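Below: the structure, in C-alpha cells.
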Amino acid sequence: MRWRSAFTLLALIACKDKGPADPDPPVAPSARAFRMGFSNVPPAPDLMRGARAVLAWLPRADAAIIHAEPQWAALLAGELPANVAKREFEGLVAAYRGRNIPIVLVIDVTNGIDRKTESAPLVSAGRSITEPAVQALYREWVRTLVAQIQPVALGLAAETNLIRLAAPSRLYNAVVQMTNDAAREVRAASPALPLFITVQVETAWGRLQGTNQYIGVEQDFRDFPFSEWLGLSSYPYLANFSEPEQVPDNWYSRVLNGRTIPTVITEGGWTSGTAGTIVSTPGKEARWITRQMQLADSLRPRFVFQLAFTDLDLVAYNRPNDPQ
C-alpha cells in the first residue's frame, strides 16, 4: 500500500527525544509480566491517518508487531525484495527503533480476512502458493525481512489450524511445505531467532465451527515442528460468547496441552458494534480487554498485541479506488 511511505515522515517525528512536557510517557514494562503493543494497521488507507495512529500508540506501548502478507504484486512484477522491503518498512522500523521498541514479525501466507482463500494479489495474478516459484519468492521475502527488520521473533504463518479447517488441502499442504523450508533457511542464517506459527483459539476449542468439541492444536505442533513459541489469535465474540466474562480461565493455556514454551498473543479483540446476531457495545469491548489482560496475567506470554489501535473506517477501505 502506498500509505506506508508516510512512515518516513513518521520516523523523523517519533525518533525525537521526548521533552519533559511531552504527555503520555511509555508504560513501564515492569508493571506487567508481558510486553504490550500494536501494529501499523491504519484506521483508513490514508497516509497521514495511518501515521497519526502509530504516533498515538507509540507512547503507550513497549512492543510492536508487523503482521502482513508478502507484497506479492511487487514481487511477482520482478522487483527486488530488498527494494520492496525498504520502501514498505524502512521508515516504520526506524520509528520503532527510535523508541527502543522490539518488533515481532508475522508473515501471513494466505488471505488474512478469509482463510478459505489465498492472498488477493496472488488470486488476481492467477498465481498460487502451491507453485514452487511462488514458494521460492516467499522464502526470499522472509530472508529479506529478517535481515532488514531484525525482529525478536518470527511467525512464518498465521492461524494455521483455521487454514487447515477452511481451505482446500492443497493450500494447507503448501503452507506446511513453504514454512518448513523457510524455517530451515532462517535457522541457518539466524540460529538464535525464535520461530513460530499462530493458531486460532476459537477453532481449537471447536467453537468457531459450532460444535463446541475441543480439538486442540496437536496437528499444528506436528506439522510445524520448528515452532519454538506459539502464537495465539482470538476473537471470542465470534465463538458464541455473548459476554467477555464467559471466556474460561484456561482459554489460552489449554491449547498448550501442558507445554511450557513461550507464547505471544498476536491478535484478537471484541467488536464494539452490532452486526447480524452479534450484539455488542464499546463498553463490552472494553470489558474484553480487561478480561484478556486477566487471562494474559495467568498465561504470562512474552507479548500481547492488538492489530488495530483505532476503529477501522470500513467505508474508506471498501472504496473501489483506494490506493493499494
Side-chain angles (χ1 to χ4, degrees), residues 39 63 65-70 103-119 129-130 134-135 137-139 141-143 145-146 149 151-205 208 215-235 251-268 299 301-305 307:
S39 82
I65 188 169
I66 294 177
H67 184 137
E69 298 175 13
I103 302 169
V104 172
L105 173 63
V106 175
I107 300 173
D108 210 334
V109 296
T110 64
N111 189 315
I113 303 299
D114 183 359
R115 293 298 180 196
K116 298 190 298 297
T117 64
E118 300 199 53
S119 178
I129 60 173
T130 60
V134 173
Q135 293 188 14
L137 275 179
Y138 161 81
R139 296 196 305 273
W141 181 246
V142 169
R143 296 193 305 269
L145 289 192
V146 169
I149 294 175
V152 297
L154 171 64
L156 289 168
E159 298 186 328
T160 55
N161 59 333
L162 183 53
I163 296 172
R164 185 170 61 250
L165 174 73
S169 59
R170 61 183 177 82
L171 293 186
Y172 177 75
N173 291 338
V175 172
V176 173
Q177 180 71 52
M178 62 201 293
T179 54
N180 277 278
D181 289 345
R184 283 189 288 272
E185 295 181 359
V186 172
R187 282 244 170 85
S190 305
L193 178 63
L195 306 179
F196 66 93
I197 48 94
T198 84
V199 295
Q200 218 281 330
V201 179
E202 287 76 39
T203 301
W205 279 75
L208 199 66
I215 59 176
V217 296
E218 292 305 302
Q219 184 170 342
D220 299 87
F221 282 114
R222 291 191 296 270
D223 290 345
F224 306 96
F226 59 81
S227 296
E228 302 160 287
W229 293 16
L230 183 65
L232 301 165
S233 165
S234 179
Y235 298 86
W251 182 243
Y252 291 128
S253 60
R254 188 179 183 186
V255 300
L256 292 170
N257 197 22
R259 294 176 177 85
T260 57
I261 62 173
T263 57
V264 50
I265 297 174
T266 55
E267 59 178 302
L299 181 69
R302 298 292 178 90
F303 299 93
V304 174
F305 292 112
L307 288 188

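Treat the numbers as computed from the prediction; the structure is a model and nothing was measured.
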Answer with yes or no whether the side chains of Glu118 and Thr110 bring together a donor and an acceptor at under 3.5 Å. no
Do Tyr172 and Asp223 have a side chain donor and acceptor closer than 3.5 Å? yes
Between Thr160 and Asp220, is any side-chain donor less than 3.5 angstrom from a side-chain acceptor? yes
For residues Glu202 and Ser234, is any side-chain donor paired with an opposing acceptor at under 3.5 Å? yes
Does either side chain, that of Thr198 or that of Glu159, offer a donor lying less than 3.5 Å from an acceptor on the other one? no
Going by distance alone, is a donor N or O of one side chain under 3.5 Å from an acceptor N or O of the other, for Gln200 and Tyr235? no
Checking Ser227 side chain against Phe224 main chain: does a donor-acceptor pair fall under 3.5 Å? yes
Residue pair Gln177 / Asp181, side-chain donor-acceptor N/O under 3.5 Å: yes
Any side-chain donor-acceptor pair under 3.5 Å between Gln219 and Asn161? no
Those residues that, when tested against Phe305, pass ring pair (Phe, Tyr, Trp, His ring centres under 6.0 Å) (two or more places apart): Phe303
Has Arg187 got a side-chain atom pairing as donor or acceptor with Arg184's backbone, closer than 3.5 angstrom? no
Please check if the side chain of Trp205 supplies one atom and the backbone of Trp251 the other of a donor-acceptor pair under 3.5 Å. yes
